[in-house]
Protein chains: 2
Amino acid sequence: MGQTNPPFMSGVPELLLLQQLAQREMYGYELVRSIRLVTGEAISLGEGVIYPVLHSLERNGALKAKRKAVAGRTRVYYSLTAKGRKRLQRLQSEWQRIQSGITAALESPGHA
Amino acid sequence: MGQTNPPFMSGVPELLLLQQLAQREMYGYELVRSIRLVTGEAISLGEGVIYPVLHSLERNGALKAKRKAVAGRTRVYYSLTAKGRKRLQRLQSEWQRIQSGITAALESPGHA
DNA sequence: AATATATACCTATTGGTTCAAGGTATGTAC
DNA sequence: GTACATACCTTGAACCAATAGGTATATATT
């Protein structure tokens, strides 16, 4: 009954995160800075967003985690699985779709 | 205290709506179809989204409403005020900013 | 004449995402 | 030894949008 679809623009944090991990394995704290960087400060996702997404993606089998001790500190490195790569592709094309839709709407005849 | 910023991608429904009304005055039910059309079906906002946004924008002075009776039925036509046009511009550049940020992240070195 | 569908307005409730804030712990710089 | 950066994590609230419902009139269908 009360079954609600996710808002049409959700999943962008997940998209950015997967995209970063597609480049190379990274750990959570690193992702926070990395995403802020590659988006040119346009998007800044806090740890409160990153960590839960990482955990849920791992539970889902889209990511695999690997603990590494570096300088006496523990880091959890994440990398994509095959499932994760597929998920990234799906999110990419979804984003492409809505991004194009909005662009079309903004360009329409508004420039007159 | 518990002051939370709006989610970074919100306000897109409002943006699309204002953009449509910048072309010509329209009524709510019309906007629902119009937005679905101009976005190439990519985005479909229901009446439950449109009407509340219209009302809040009117309360805010960004829109002005005008009732018209057409074929025995009442329509409420909305058009932009100066404040609404300013708001549209702000939302446009905000969108541009995050859109560019995401594009940059997706293009970054991912093409290797 | 009755029923269904499209127009046209509206609201309340849910539900999912994100945000801010805090909480722990170790290493390094002053 | 105090402060700051690193590195992990969770809880709570806030917010937006999606579904679903609710009213009413006109038109098309049977």
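As a basis for the values below, the full set of heavy atoms in this structure was taken, side chains included, without hydrogen atoms, waters or symmetry mates. Protein chains get the first letters and strands the later ones, always in sequence-line order, with residue 1 at the start of each.
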Rounded to whole Å, please give me the gap between [atom1] in [X] and [atom2] in [N].
X: Leu54(B); N: dA8(C); atom1: CG; atom2: P; result: 14 Å
X: Glu47(A); N: dA25(C); atom1: CD; atom2: P; result: 17 Å
X: Glu14(B); N: dC15(D); atom1: CD; atom2: P; result: 15 Å
X: Arg67(A); N: dC8(D); atom1: CZ; atom2: P; result: 9 Å
X: Ile50(A); N: dA21(C); atom1: CD1; atom2: C1'; result: 17 Å
X: Lys68(A); N: dA7(D); atom1: NZ; atom2: P; result: 13 Å
X: Glu58(B); N: dC9(C); atom1: CD; atom2: C1'; result: 13 Å
X: Met26(A); N: dC8(D); atom1: CE; atom2: P; result: 11 Å

> Pairs in or reaching into residues 12-33 of chain B: which pass ring-ring contact (aromatic ring centres under 6.0 Å, His included), with residues at least two apart or in two chains?
Replying inline: Tyr27(B)-Tyr77(B)
> Which pairs with one or both residues in residues 38-62 of chain A pass ring-ring contact (aromatic ring centres under 6.0 Å, His included), sequence neighbours excluded?
Replying inline: none
>> Using the rule side-chain hydrogen bond (donor to acceptor under 3.5 Å, both in side chains), only one of Gln19(A), Arg87(A), Arg97(A) pairs with Gln92(A); which is it?
In response: Gln19(A)
Any side-chain N or O of [X] less than 4.0 Å from the OP1 or OP2 oxygen of [N]?
X: Tyr29(A); N: dT6(D); result: yes
X: Arg75(B); N: dA8(C); result: yes
X: Tyr27(A); N: dA7(D); result: yes
X: Arg33(B); N: dT7(C); result: yes
X: Asn5(A); N: dT19(D); result: yes
X: Tyr51(A); N: dT10(D); result: no
X: His55(A); N: dT10(D); result: yes

Compare the minimum distances between each of [options] and the side chain of [X], then state the nucleotide with the smallest one.
X: Phe8(A); options: dA7(D), dA18(D), dT18(C); value: dA18(D)
X: Arg73(A); options: dG27(C), dC16(D), dC10(C); value: dG27(C)
X: Pro13(A); options: dT17(C), dT18(C), dC19(C); value: dT18(C)

>> On DNA chain C, compare the nucleotides closest to Gly48(A) and Pro52(B); which residue's is nearer the 5' end?
In response: Pro52(B)
> Which residue lies toward the 5' end of DNA chain C, Pro7(A) or Glu30(B), if each is placed at its nearest nucleotide?
Replying inline: Glu30(B)
> On DNA chain D, nearest-nucleotide positions of Gly72(B) versus Val49(A): which is more 5'?
Replying inline: Val49(A)
> Between Arg75(B) and Glu25(B), is there a side-chain N and carboxylate O pair less than 4.0 Å apart?
Replying inline: no
> Of the non-hydrogen atoms in Trp95(A) and Leu106(B), which two are nearest, and what is the gap between them?
Replying inline: CD1-CD1, 3.7 Å
> Any donor and acceptor pair, going by atom type alone, linking the side chain of Lys83(A) with main-chain N or O of Asn60(A) inside 3.5 Å?
Replying inline: yes
